[in-house]
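Structure first, then comments.
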Amino acid sequence: MTGTDPQLSRTALEVAPLLLGAVLTVHRGGATVAVRITEAEAYEGEADPGSHGFRGRTARNSSLFGPPGTLYCYFTYGMHHCANIVCGSEGRASAVLLRGGEIIAGEPEARARRRNPVRARDLANGPAKLAQALGLDLTCDGLHLDTQYTGTGADNAAPGRLWATLSPLPALAPPGVKTGPRVGVAGPGGSTDYPWRFWLEGEESVSAYRAATPRRRPRPAGRGAHTD
DNA sequence: GCTTCGATCTTCT
DNA sequence: GAAGATCGAAGCG
């Protein structure tokens with residue numbers, strides 16, 4: 001697979017189900033971890049209220065507006081990273097968020113990155129878990145699939161020693177694909193009008209569904225303090 | 001097993 | 001100043 005892969009030059013809604021069952025391989029710091037994608041969410045650019053591109057291009061999301069095949073990695077909730085694969089066409093901010101997957105190679109490395117001893121099913125059953133298991137963070141933002149990273153030494157891998165590849169996508173989505181509302185997206189972009197989450201039925205590595213939770217008021221005391 | 005809530009900090013309004 | 005494409009520990013049944 002090369003540069004701007006035509007397989008990814010279509011809408012996120014089309015690409016997301018095709019990604020299910022595909023294998024993303026990341027080589028970093030001398031280790032290779034491969035994940036079979038079992039869950040993904042589509043974000044359709046500036047027309048999608050749930051998308052980071054909805055409010056236009058910023059320094060944070062500029063990779064999202066890159067050519068198809070670009071990795072858009074962002075930092076969220078003060079401690080987590082998530083990874084998207086940009087699709088559609090350059091400048092459109094269309095991307096698929098990788099929400100869950102099964103580690104099929106490099107499990108020891110993935111476990112080491114995940115720090116806590118966890119069950120295999122818990123290694124990548126969530127967007128931040130998957131990014132962590134693969135070693136994806138802000139230093140990978142803007143990396144193009146199949147292109148060796150040659151950026152600054154800010155990351156913990158030697159320059160030129162980081163790359164990611166995606167297995168060829170099938171013409172049709174695999175059997176057993178289910179759809180539902182996106183996870184954690186508040187407002188109109190998260191309503192059932194946008195059932196743009198796709199997963200493989202029966203897979204253990206699919207993350208648990210959580211509706212968007214409105215931010216709670218800070219409590220005067222520790223947990224358990226009543227709200228009134 | 002399921003539910004609830006705090007941690008943590010960047011980004012945007 | 002508030003919200004956020006989350007996670008994991010603690011509490012409860």
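Letters A, B, ... mirror the listed sequences (proteins, then strands); counts begin at 1.
- Using N1 to N3 plus N6-O4 or O6-N4 for Watson-Crick, or N1-O2 and O6-N3 for G-U wobble, each under 3.5 Å, B/dT8 pairs with nothing.
- Hydrophobic clustering, with ILVMFWY side chains joined whenever heavy atoms are under 4.5 angstrom apart, keeps A/Leu134 apart from A/Val206.
- Contact detail for A/Val23 and A/Ala34: the closest heavy-atom pair is CG1-CB, 4.0 Å.
- Stacking is not found between A/Tyr74 and the pyrimidine-like six-membered ring of the C/dA5 base under the 5.5 Å centre-distance and 30° plane-angle cut-offs.
- Straight-line distance from the CG atom of A/Asp137 to the C1' atom of C/dT6: 16 Å, rounded to whole Å.
- Distance, A/Leu130 CG to C/dA5 P: 17 Å, rounded to whole Å.
- Atom-to-atom, CG of A/Asp122 to P of C/dC7 comes out at 11 Å; the value is rounded to the nearest Å.
- Nucleic acid contact for A/Arg210: base, since at least one base atom lies under 4.0 Å from a heavy atom of the residue.
- Residue contacts for A/Thr58: at a heavy-atom cut-off of 4.0 Å it reaches the sugar-phosphate backbone alone, with no base atom in range.
- Counting only heavy atoms from C-beta on, A/Val185 has its side chain closest to C/dA5 among C/dC7, B/dT10, C/dA5.
- Checking side-chain atoms of A/Glu102 against main-chain N and O of A/Arg36 turns up no donor-acceptor pair under 3.5 Å.
- If you check C/dA5, C/dC7, B/dT11 against the side chain of A/Ser51, the one that comes closest is C/dA5.
- A/Glu41 places its CD atom 7 Å from the P atom of C/dT6, with the value rounded to the nearest Å.
- Across the protein-nucleic acid pair, A/Glu39 atom CD and C/dT6 atom P stand 10 Å apart, rounded to whole Å.
- The line from CG of A/Leu19 to CG of A/Leu166 is 6.0 Å long, rounded to the nearest 0.5 Å.
- Spacing between atom NE2 of A/His80 and atom P of C/dA5 amounts to 13 Å, rounded to whole angstrom units.
- Remark: C/dA5 base-pairs with no nucleotide in the shown strands. Criterion, Watson-Crick or G-U wobble with two distances under 3.5 Å.
- For A/Met79, the side-chain atoms get nearest to B/dT8 when compared with the rest of C/dA5, B/dT8, B/dC12.
- One finds a side-chain N or O of A/Arg114 lying less than 4.0 angstrom from the OP1 or OP2 phosphate oxygen of C/dG8.
- Look at CZ on A/Arg60: it is 11 Å from P on B/dT13, rounded to the nearest Å.
- Taking only side-chain nitrogens and oxygens, A/His52 comes nearer than 4.0 Å to OP1 or OP2 of C/dA5.
- For A/Tyr74 and A/His52, the ring centers sit closer than 6.0 Å to each other.
- The nearest whole Å value for the distance from the CG atom in A/Leu97 to the C1' atom in C/dT6 is 11 Å.
- A stacking contact links A/Tyr43 to C/dA5: the aromatic ring centre lies within less than 5.5 Å of the base's six-membered ring centre, and the planes differ by less than 30°.
- With distances taken from any side-chain atom of A/Asn84 to the nucleotides C/dT6, B/dT8, C/dA5, the minimum falls on C/dA5.
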